[in-house]
Amino acid sequence: MMNTLFASDAHTEFLRTLNVDQRDAVTTGLGPVLVLAGAGSGKTRVLTGRAVHLIREMHVHPSSIAVMTFTNKAARELKERLASYMEGATDLPWAGTFHSFCVQVLRQHGHRAGLSRDFTIYDEDDSQRVVTELLREKQVIREGVTPRQVKSAISRIKNGGKSDHRSPVVMIAEDIYEGYQSRLRDANAYDFDDLLLTPLELMMQKDEFRELLQRRYDHLLIDEFQDTNQVQFDFARMIASPQNNLFAVGDDDQSIYSWRGANYRNVLDFGKKLEGARIFRLEQNYRSTQQILDAANDVIAGSRHRHDKKLWTDRKTGEKVTLRAYSRPADEANEIIGEIEFSKQKRGLGLKDFAILFRTNAISRYFEEVLVQHRIPYTVVGGLKFYERKEIKDFIAYLRVIANPHDEQAWSRVFREIAAGVGQTTIDRLMHASRQHPLKCEAILNSTWVDSIVTGAPRVKALEFVTKLALLHEAVPSNTLSEIVDKSIKESGLESFYESLNDEESRDRLENLRQFQTGAWERSQQMPELTLSEFLSELALVSDIDDLENVTDRLALMTIHSAKGLEFPVVFVAGVEENLIPHFRSIESAEALDEERRLLYVAMTRAKDRLYMSYVEARPMNGRLDFQSPSRFLSDIDPTRLRGAGVPAKLSSRYVADEDVFSRDRPVAHLPQSAVRPSASKTLYKSSGIEFRIGDVVEHAEFGVGTVTAKSGDLYSLKVRVAFSGYGSKLLAVKYANLKKLS
DNA sequence: CCATGGGTCCTTTTT
DNA sequence: GGACCCATGG
């Protein structure tokens, strides 16, 4: 009693800290609610505030509330906030991603529809391999159609997205769709789309199932609503009905996932689809300075479809946004990190107060090199993922077979990568035979059966390998997660394999396996009942290992997509160039261009106090050196809001920097783009300055000094044969080999 | 039938 | 510079 009273006071106190609009949204009555919340307008506060309000003031039981987010990072943030607002409470609302919600549903209730608990989640890689196999079997390999494209078309079909009807890719996708689904079914596996789709279909088909979930959750709160796709929206609506206690928070200006089926029309049409919906707008920004906000508003104003919003702040004007031009990515990295070191000293900031954002993961490399060199601690959020390392993927595949012997992709990988003496022919034979078998891949656990399929030398090797897996599979029910992982690491032979190699790389890989083992042990300690299968699901959905250790003072590097929902005192946006933002894959369609614009808007609005943007003169791409132009979106910013070497001297719609002007810290003069347009997209050969002739003496980083004995290939794939002393003759691609000419 | 080495081709964003 | 494919030798 005391507790509730006190908590209620605390909540009243909390409500007082909200502005009128926020408070109206938090305290509004039941039924569908849409909150249009601009960047930095306190979206998360409103969402968590609403959950607390439902509990404290409207006497809703916490366990009947579910808060859905789109990314793991957002989910973590929400959980933390809920826990701190509800300090001391034992019951908290459910909070997590759509995907994790669905996994939970499938595991807890799937058996009612005859579904197994021990399913596997196929990641993008597994799914694409299935597509590749089907294309090969059906021999529909067509020029210019990649498995990746077909997979994404399948994904679009599943998510009810617009299909570019009758394109070759879509037709192939439709053609193999059934085969793809039955492959997954046989493997007892779900791809990311099925994870959402299956529970939705179950609810539509089985009243019992639907009623169960509808009764279980009375209130659904949805974060980043602009990023939900049709399936997610339908799913949420179905659970929330018939009362429709759906509280959605979103910003159409920050919709950056349409390529994944996200449909910001869900935001625009919310009122039409849910009767009696109330709509609130949050336009006061608490995050950024007026300068940053103005510059960001200049960019987003060019967007075609949007709810018109005018973000304002009562924060001080602040400093102008800095725009800089550099010669090469390495200079950009050096200068930005130099700037961070400098302002850290000068303003007494910590590393965690800075973030470097970029459009593509590949760009992080340049920054990492400088950071390693300077021994500055950093994290690449979502970049080089721990669980994507080869040794970890191999071992996870081994565990996947043990947890779910139907998992065909795991079997393939395990044979291909771990089993010595078993080659592709044997794998194909086993896979093909198991598809005819009623038990599908599970048949491989039966050594008598394997014995009947495999002959010759591989037979013994395969039997030996399979027997171990069969024993481990049988051991699952009677062992803890940690015990199974320990045994598997030994039995798989991975440990002794890497130990025997004893080189730098293998030590690294071994270390990673140990780290994985420790992770499993820790998880086992926290949750003794956690099954292997559940553990593997967690891994499939949460890819950042450093999700846990966010306490230390580290510099954050991440893509703009990953940065959504986050804020930092100082933000650097690197590579603000044509072909990057907007990405070259997005420049043909107006829709895609708009999304790129929103992406830059999201990047800029992450900054609280200072915002730096930069672009480079030329960037190595695909083994070539591409000359870059500044992003077209930069020219939408009123130049008076910008400062620094890189700001066009006069207002012009397009501009590109003059070559020798990029040396640092000198004011930059700009030429109108028209004057240099022909060279703007010209690609140059990396070693174009160097002519190699037969007889030239060259130096290679690894092979040392050698003599050029032959030349082949054209301008873009020039190769030279070099005779090295000690290493013999090598054929080298000039663009990668980085040869130094000595004579 | 397997292992190995050289050749070819690709690189957006996330669950 | 990495993943994947194909040819070759064991």
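Side chains included, hydrogens not; waters and symmetry mates left out as well; all remaining heavy atoms used. Protein chains get the first letters and strands the later ones, always in sequence-line order, with residue 1 at the start of each.
Donor-acceptor pairing under 3.5 Å is recorded for the side chains of A/Glu224 and A/Gln226. A donor-acceptor contact closer than 3.5 angstrom links the side chains of A/Tyr122 and A/Asp407. Counting only N and O atoms by type, the side chains of A/Ser412 and A/Arg129 include no donor and acceptor under 3.5 Å apart.
A/Glu577 has no carboxylate O lying under 4.0 Å from a charged side-chain N of A/Arg359, or vice versa, which leaves the two without a salt bridge.
Among the protein residues, A/Phe584 comes within range of no part of the nucleic acid, since none of its heavy atoms lies under 4.0 Å from any strand. If you check every strand for non-hydrogen atoms under 4.0 Å, A/Thr426 touches sugar and phosphate atoms only. If you check every strand for non-hydrogen atoms under 4.0 Å, A/Arg129 touches sugar and phosphate atoms only. If you check every strand for non-hydrogen atoms under 4.0 Å, A/Arg429 touches sugar and phosphate atoms only. Here A/Phe98 lies out of heavy-atom contact (under 4.0 Å) with every strand. Contacts of A/Glu595 with the nucleic acid, taken as non-hydrogen atoms under 4.0 Å apart, are absent.
Considering only side-chain N and O atoms, A/Thr559 lies under 4.0 angstrom from the phosphate OP1 or OP2 of B/dT14. Taking only side-chain nitrogens and oxygens, A/Thr146 never comes nearer than 4.0 Å to OP1 or OP2 of B/dC10. The phosphate of B/dT12 has neither OP1 nor OP2 within less than 4.0 Å of any side-chain N or O from A/Ser586. Dashed line: the shortest gap from a side-chain N or O of A/Asn361 to OP1 or OP2 of B/dT14 is under 4.0 Å. Between A/Arg416 and B/dA3 there is no side-chain polar atom (N or O) within less than 4.0 angstrom of OP1 or OP2.
The side chain of A/Arg585 lies closest to B/dT12 when the candidates are B/dT12, B/dC2, B/dT15. Here the nucleotide nearest the side chain of A/Arg136, chosen from B/dT12, C/dC5, B/dC2, is C/dC5. Side-chain atoms of A/Thr425 lie closest to B/dC1 of the nucleotides B/dT11, B/dC1, B/dT15.
For A/His561 and B/dT13, the ring-to-base geometry does not satisfy the stacking test (centroid distance below 5.5 Å, interplanar angle below 30°). With centroids closer than 5.5 Å and planes inclined by less than 30 degrees as the test, A/Trp259 and the base of B/dT13 pass as a stacked pair.
Both A/Glu596 and A/Val422 sit near DNA chain B, but only A/Val422 has its closest nucleotide nearer the 5' end. Residue whose closest nucleotide on DNA chain B sits further toward the 5' end, between A/Thr97 and A/Arg359: A/Arg359.
Rounded to an integer number of Å, the gap from CZ of A/Arg598 to P of B/dT13 is 18 Å. Rounded to whole Å, the distance from CD on A/Gln128 to C1' on B/dC10 is 12 Å. The nearest whole Å value for the distance from the CZ atom in A/Phe70 to the C1' atom in B/dT15 is 6 Å.
Judged by the 6.0 Å distance and 45° axis criteria, A/Arg597 is not positioned over the aromatic ring of A/Tyr601.
One N or O on the side chain of A/Asn404 and one on the backbone of A/Ala187 form a donor-acceptor pair closer than 3.5 Å.
A/Phe415 is linked by a ring pair (Phe, Tyr, Trp, His ring centres under 6.0 Å) to A/Trp411, A/Phe465, counting only residues two or more places apart in sequence or in another chain.
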Inset, instruction - Using Watson-Crick or G-U wobble pairs with both distances under 3.5 Å, give me DNA chain C in dot-bracket, 5' to 3', with [ ] for crossers and | for pairs to another strand. - result: ||||||||||
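A/Arg509 CZ to A/Arg389 CZ: the interatomic distance, rounded to the nearest 0.5 Å, is 9.5 Å.
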